[in-house]
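Order of the sequence lines sets the chain letters (A, B, ...), proteins ahead of strands, with each chain counted from 1.
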Amino acid sequence: MLDRKFVLENAELVKANCTHRGTPAEIDKFVELELLRKTKLSQAEEFNRQANATSAKIGAAAPAEREAIKEQGRKLREQKEAVQSEHDALDKEIAAILTRVPNMTHPAAPIGRDDQANLEIARGKTAIPTFDFQAKDHLQLGKLHDMIDFEAGARVAGAGFYFLKNDAVLLELALQQFAVHLLIKHGFVPVSTPDVANTETLHGIGFIPRGPETQIYSIENTDLNLVATAEITLGGMYAGQVLEAENLPLKLVGISHCFRTEAGAAGRASKGLYRVHQFTKIEMFAFTLPNQSDAVHEELRQLECDLFDALEIPYRVVDTATGDLGGPAYRKYDLEAWMPGRGTAGEWGEVTSTSNCTDYQARRLNIRSRTKNEKGTQLVHTLNGTAIAISRAIIAVMENHQLADGTIRVPAALRPWMGKEFIGK
RNA sequence: GGAGAGGUGGCUGAGUGGUCGAAAGCACCGGAUUGCUAAUUCGGCGUAGGAAGAAAUUCUUACCGCAGGUUCAAAUCCUGUCCUCUCCGCCA
C-alpha cells in the first residue's frame, strides 16, 4: 500500500505509474475522497475535543449543573458520531482504491506492457548445452529413474500434485542443504516457517485470498490460508514490530512448502513439474533501512546467480518490465534457466524472482525501525528473492545435466549432499 | 479439547469510572557535582495522525492485546475475540 499523503501530493506521478503498470486505478477519485475525508476528520476531532472538555468539567461542577452539562456532552458526542461515521465510510472506500494501486517503480526498470518488454541484463557462467543426442525432458528422465509419480499424486490429491521418489528426494534435500548453507554463510538467519497464514498477513504481503481467480488455497471455516510462498510468513514474522536500525539489514532464509491453485493458468500449457500446486521453496527475505534496499536487492540477485552458477545451470537475468511487475514490487529481477526439455528445442523458464518492495508491504504490515537516540520510527523496506524453488530447479538440473545414456550428472556443488556423482548409474 | 490466571510505555510493575498518556523503579539522554567511583543530584525521556510555524516548537486527536458495547466520561464496567502462562486430557 502506498502512503496516502504521497498519493495526494503526487497524484500525477502515481497516475502515470499506474498506466505504465497496466493497472487502472481511480486516482482522481482517491484525491477527491481523501480531501473530503480529511475535512471530516478535522470536524470529528473538533467535536471530540469539545466533548472531552465538557466531560472534564463535570467532575468539578456543582450537582445542580451536572445534568445540563451532561446533555451538552451528549449532543457533542452525537455530532461527533455522525461526522465520524461519514469519515469511516469514506475511509473504507479510499482503502479499497488504495489496495489496487501498485507500488511506484524504480526509474531504471524497463517500461512496457508485459513480459515481452522484459530486459535481459546478464547471462550465467554456464553455456547452453549442446547435445549430440536426442535430449529428454524431465518427465522422460524421471520415468527412466523412477523419480516422479504424477499418477499417484493425482490419486491422492488431484491433477497437479505429485510424489517425488528415490533420487528426486535426495536431489530435493541436497538443493535445500546447498542453498541454506550458502546463505547462512552470507549472514542469513535460517527459518522454517508455518505453511499457513491468516488473511491479514496475506493482505499485508499483497495477496488477495478468497476472491475469484485467487492463487491461494484457503482452509474452510477458518481464517487460515496455505501459503503460496514463504515471503508471506517471513514478512508477517515481524508485523507490528519496531526493529532496531543497528540490526538491519535483517536477512532471513526460509524453508516452506508453497501451494498455488493456478486458477486461470489453464491456458498456459506446461508439462511436468513446471507448474504444480505444491512445491518446496527456499526463500530469501530481507528487512532493510530505506537507503539500503537497492544494494540488498542487488545482493539477492547476485546470490541467485551464485546459486545457479554453482549448479552449472545456464540462465539469463531479466529486469522485469513495468507491466509485468506484481503490485508490491518496486523493481524485480527474474532468473530464467535454460530448460532443454521445454518447447521443441529448449526454452527459458523462470526459476527465481527477486523483488524490492520498498515500504509497500511494510506500511500495511506496520514494520518500522528505530535508530538509537533518534526520535520517531520509520517504515522499513522489504525484499524477497527465491533461492531455490525445488520443482523448477529439479527440472533444470535433470535436463541440463543429462548424458547420452540417460544418466544425469550431479553438479559438484550438490555431490556432498547427494552422496553420488550420477543419477541412474 | 476442558479448567483457571493474565495481557499496561524499551523492561519490571502500580493503577477498578473523571484529577491517567498513565505512579514508582530500571534502562536511556542532557546538565551539574564529585577523592572514596557500576556514587550524588536536577531535568528529560512512547507511537501514529492532523493543524500552525522558516525552524526550535506549540496546539490537538487517537492508542493501556484486538474489536464492539454501556456512559457526558473507560486502562478501569460489559460482550466477543486473539495471544501467553499453569493444570488436566489427547498426541507426532
Side-chain angles (χ1 to χ4, degrees), chain A residues 1-10 30-95 98 192-204 218-219 221-225 233 236-248 250 255 257 287 289-290 359-381:
Chain A
M1 188 167 57
L2 288 179
D3 179 37
R4 293 174 170 207
K5 204 179 189 178
F6 175 85
V7 178
L8 203 54
E9 290 168 0
N10 300 277
F30 167 86
V31 170
E32 181 195 330
L33 295 177
E34 174 65 3
L35 288 172
L36 189 56
R37 184 191 72 85
K38 287 176 79 165
T39 65
K40 294 292 175 195
L41 183 63
S42 325
Q43 288 170 16
E45 285 189 349
E46 177 57 22
F47 281 129
N48 223 15
R49 193 187 63 74
Q50 290 178 24
N52 286 344
T54 305
S55 297
K57 283 191 290 188
I58 291 182
E65 294 168 347
R66 285 196 181 168
E67 272 315 313
I69 305 178
K70 277 190 191 178
E71 184 51 33
Q72 194 186 351
R74 252 191 293 269
K75 282 221 175 84
L76 284 165
R77 298 283 173 191
E78 271 170 28
Q79 293 177 87
K80 185 249 165 185
E81 272 317 309
V83 180
Q84 182 75 46
S85 66
E86 288 181 60
H87 168 273
D88 292 349
L90 287 167
D91 196 48
K92 211 171 160 185
E93 207 174 334
I94 288 164
L98 215 48
S192 178
T193 92
D195 284 341
V196 296
N198 56 38
T199 301
E200 191 185 345
T201 301
L202 267 77
H203 280 153
S218 295
I219 301 173
N221 300 325
T222 73
D223 184 40
L224 294 173
N225 313 273
T233 44
M237 199 171 169
Y238 290 97
Q241 305 293 299
V242 180
L243 308 174
E244 294 295 338
E246 61 191 286
N247 296 333
L248 300 179
L250 172 59
I255 307 172
H257 291 115
F287 302 91
L289 294 173
D359 61 10
Y360 191 87
Q361 295 175 327
R363 180 165 293 107
R364 187 143 38 190
L365 291 168
N366 191 24
I367 306 175
R368 299 175 163 272
S369 71
R370 167 176 34 229
T371 306
K372 261 198 162 64
N373 299 331
E374 277 181 22
K375 214 172 156 53
T377 61
Q378 62 183 337
L379 291 168
V380 300
H381 280 192

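Distance, A:N247 CG to B:rG10 C1': 14 Å, rounded to whole Å. To the nearest angstrom, P of B:rU19 lies 12 Å from CD1 of A:I58. The CD-P distance, from A:Q72 to B:rU71, rounds to 18 Å in whole Å. Regarding A:R66, its CZ atom lies at a distance of 14 Å from the C1' atom of B:rU71, rounded to whole Å. Distance CD (A:Q84) to C1' (B:rG68): 14 Å, rounded to an integer number of Å. Across the protein-nucleic acid pair, A:K70 atom NZ and B:rG17 atom C1' stand 12 Å apart, rounded to whole Å. Following rounding to the nearest Å, A:E246 (CD) and B:rG10 (P) show an atom-to-atom distance of 16 Å. The distance between atom CG of A:N366 and atom C1' of B:rC66, rounded to the nearest whole Å, is 14 Å.
With a 3.5 Å ceiling on both atom-pair distances, B:rG53 lacks any Watson-Crick or G-U wobble partner.
No engagement by A:I69 is indicated, since no non-hydrogen atom pair under 4.0 Å with the nucleic acid exists.
Separation of the P atoms belonging to B:rG46 and B:rU37 is 33 Å when rounded to the nearest angstrom. Only the P atoms considered, B:rU70 is 33 Å distant from B:rC11, to the nearest whole Å. Taking atom C1' on both nucleotides, B:rG13 is separated from B:rG6 by 14 Å, rounded to a whole Å. The separation of B:rC29 from B:rC45, taken at their C1' atoms, amounts to 7 Å, rounded to a whole angstrom.
Other residues, nucleotides and ligands place no more than 12 heavy atoms under 6.0 Å from the CD atom of A:E200.
Comparing B:rG10, B:rA73, B:rU60 against the side chain of A:R370 picks out B:rG10 as the nearest.
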Collect all protein-nucleotide pairs involving nucleotides 48-50 of chain B in which both atoms are nitrogen or oxygen and the distance is under 3.5 Å.
residue	atom	partner	partner atom	Å
B:rA48	OP1	A:T377	N	3.1
B:rA48	OP1	A:T377	O	3.4
B:rA48	OP1	A:T377	OG1	2.7
B:rG49	N2	A:E45	OE1	3.0
B:rG49	N2	A:E45	OE2	2.9

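Here the OG1-CD1 distance, from A:T54 to A:I69, works out to 8.0 Å after rounding to the nearest 0.5 Å.
Between the A:N10 side chain and the A:F6 main chain, a donor and an acceptor come within less than 3.5 Å of each other.
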